[in-house]
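All values below come from the heavy atoms of this structure, side chains included, with hydrogens, waters and symmetry mates left out. The chains referred to below are lettered A, B, ... by the order of the sequence lines, with proteins before strands, and numbering in each begins at 1.
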Protein chains: 2
Amino acid sequence: MTTAPGTILDPQLLRIGEVAKRTGVTTRTLRYWEEQGVLRPVEHRSSGERLYSDAEVDRITHIRELQDLLGFTLAEIRVALDTEDAIDKLRSAYRSGASPTRRRALLGDAIAANEQLLERVDDRLERVRAFRQSAAEKADRLRRRARELDAELEGRASSTRTPR
Amino acid sequence: MTTAPGTILDPQLLRIGEVAKRTGVTTRTLRYWEEQGVLRPVEHRSSGERLYSDAEVDRITHIRELQDLLGFTLAEIRVALDTEDAIDKLRSAYRSGASPTRRRALLGDAIAANEQLLERVDDRLERVRAFRQSAAEKADRLRRRARELDAELEGRASSTRTPR
DNA sequence: GAAGATGTTACCGTTCACGTAAAGGGAAAT
DNA sequence: ATTTCCCTTTACGTGAACGGTAACATCTTC
């Protein structure tokens with residue numbers, strides 16, 4: 001089995017191939033995302049090797065959701081995640097005892113960003129619901145007509161079987 | 001006002017620019033869609049001019065929904081609409097008195113296609129719901145912490161205003 | 001110490017869904 | 001009659017999001 005490079009590797013950390021395997025995202029894409037500023041590995045070793053944590057794995061699925069479910073571009077995702085990172089900053093600001101006013105400001109930013117996201121999600125949800133509705137109605141109409149047609153066919157068949 | 005070209009134009013029919021205006025889709029896109037086989041104008045005049053009916057206008061918004069809401073590619077949309085067209089075929093088959101068995105077959109195809117679409121929509125709907133849920137929860141957490149922080153800040157302020 | 005697996009950067013290629021001229025035609029308005 | 005629209009085809013360009021490959025480094029294993 002291939003283990004860590006050079007110095008001993010923190011078993012918590014994952015190499016890019018392992019991350020790719022776990023998430024189904026190619027290594028190429030992971031590097032591309034880093035280039036686009038949407039996903040930074042926790043560590044870049046001297047050899048250039050990227051190392052990721054579980055947090056990044058979660059983030060990857062999150063990114064894919066933002067892409068697939070909401071149609072965000074990578075640029076939009078970068079912005080969204082940037083403000084989301086403000087929340088993490090907030091936590092560390094809390095631990096490091098930053099001024100409450102500063103913390104309150106960061107929190108405000110995070111809330112605003114989240115609210116904006118939620119709005120967009122709600123909009124999308126509503127539209128998908130409406131679409132689903134019309135599709136379901138169409139399904140009903142089709143099935144009803146199928147039943148009618150089946151009845152008609154049945155009637156014919158029996159009248160053929162028992163003429164007069 | 002610009003009216004019809006050459007022979008008198010059926011007032012029901014629309015020229016490409018008008019369709020673009022009504023739908024917000026560019027003329028380039030309409031021609032491209034035609035090239036990709038997702039949207040055929042009702043008529044191609046001898047001059048090459050494309051003419052569309054209201055049905056196409058509806059179809060255009062439908063196509064945009066399939067793209068934006070469900071992330072379909074144009075190729076997928078073409079397939080989906082092809083089977084959807086089977087329904088129209090069905091209607092004309094009905095009027096032209098095609099065999100009920102044939103009609104039943106077409107109807108079956110349409111039902112299957114619609115069912116498949118509905119499945120995909122439901123899946124998407126569920127995932128968007130889940131996403132919305134987690135976003136809403138995060139919003140709650142953030143707001144709660146904001147209230148706590150505000151209370152803390154308020155306490156400070158008042159203790160500063162009234163020392164001892 | 002050679003092979004094999006996994007990583008790196010660098011760069012070019014590709015697909016999708018259009019955008020953007022360029023060059024021209026037919027009908028309508030002035 | 002000429003200008004003005006709106007349309008046409010043809011063809012090349014573009015941005016987003018990767019894919020693929022070459023050339024090289026590093027580390028483990030045989």
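Separating the CZ atom of B/Arg45 from the C1' atom of C/dG25 is a distance of 15 Å, rounded to the nearest angstrom. Rounded to whole Å, the distance from CD on B/Glu35 to P on D/dT8 is 14 Å. Between the CG atom of A/Leu30 and the C1' atom of D/dA17 there is a distance of 13 Å, rounded to whole Å. The CD-C1' distance, from B/Glu43 to D/dC7, rounds to 15 Å in whole Å. The distance between atom CZ of B/Arg15 and atom C1' of D/dT8, rounded to the nearest whole Å, is 11 Å.
Checking D/dC18, D/dC7, C/dG7 against the side-chain heavy atoms of B/Ile16 singles out D/dC7 as nearest.
Contact check, A/Trp33 against D/dA17: no side-chain N or O comes under 4.0 Å of OP1 or OP2. Between A/Thr26 and the phosphate of D/dC18, there is no side-chain N or O to OP1/OP2 separation shorter than 4.0 Å.
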Q: Could you give me the CA-CA distance, side-chain angles and deciding distance for A/Arg141 and B/Asn114, then say whether side-chain contact (heavy atoms from CB on, under 4.5 Å) is met?
A: CA-CA 11 Å; A/Arg141 284 197 302 273; B/Asn114 195 274; over 6 Å; no
**Q.** Audit row: B/Glu56, B/Arg22, salt bridge (Lys or Arg N to Asp or Glu O under 4.0 Å) steps and yes/no
**A.** CA-CA 11 Å; B/Glu56 275 68 50; B/Arg22 294 198 187 185; over 6 Å; no
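The residue B/Thr27 sits apart from the nucleic acid: no heavy atom pair falls under 4.0 Å.
The salt bridge (charged side-chain N to carboxylate O under 4.0 Å, His left out) check on B/Asp122 picks up A/Arg132, with sequence neighbours excluded.
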Q: At under 4.0 Å between heavy atoms, which parts of nucleotides 9-15 of chain C does protein reach? Answer with one letter per nucleotide, 5' to 3': B base, S sugar-phosphate only, - none.
A: B-B----
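Contacts between residues 54-80 of chain A and DNA chain D, counted as heavy-atom distances below 4.0 Å, involve A/Arg64, A/Gln67, A/Thr73, A/Leu74.
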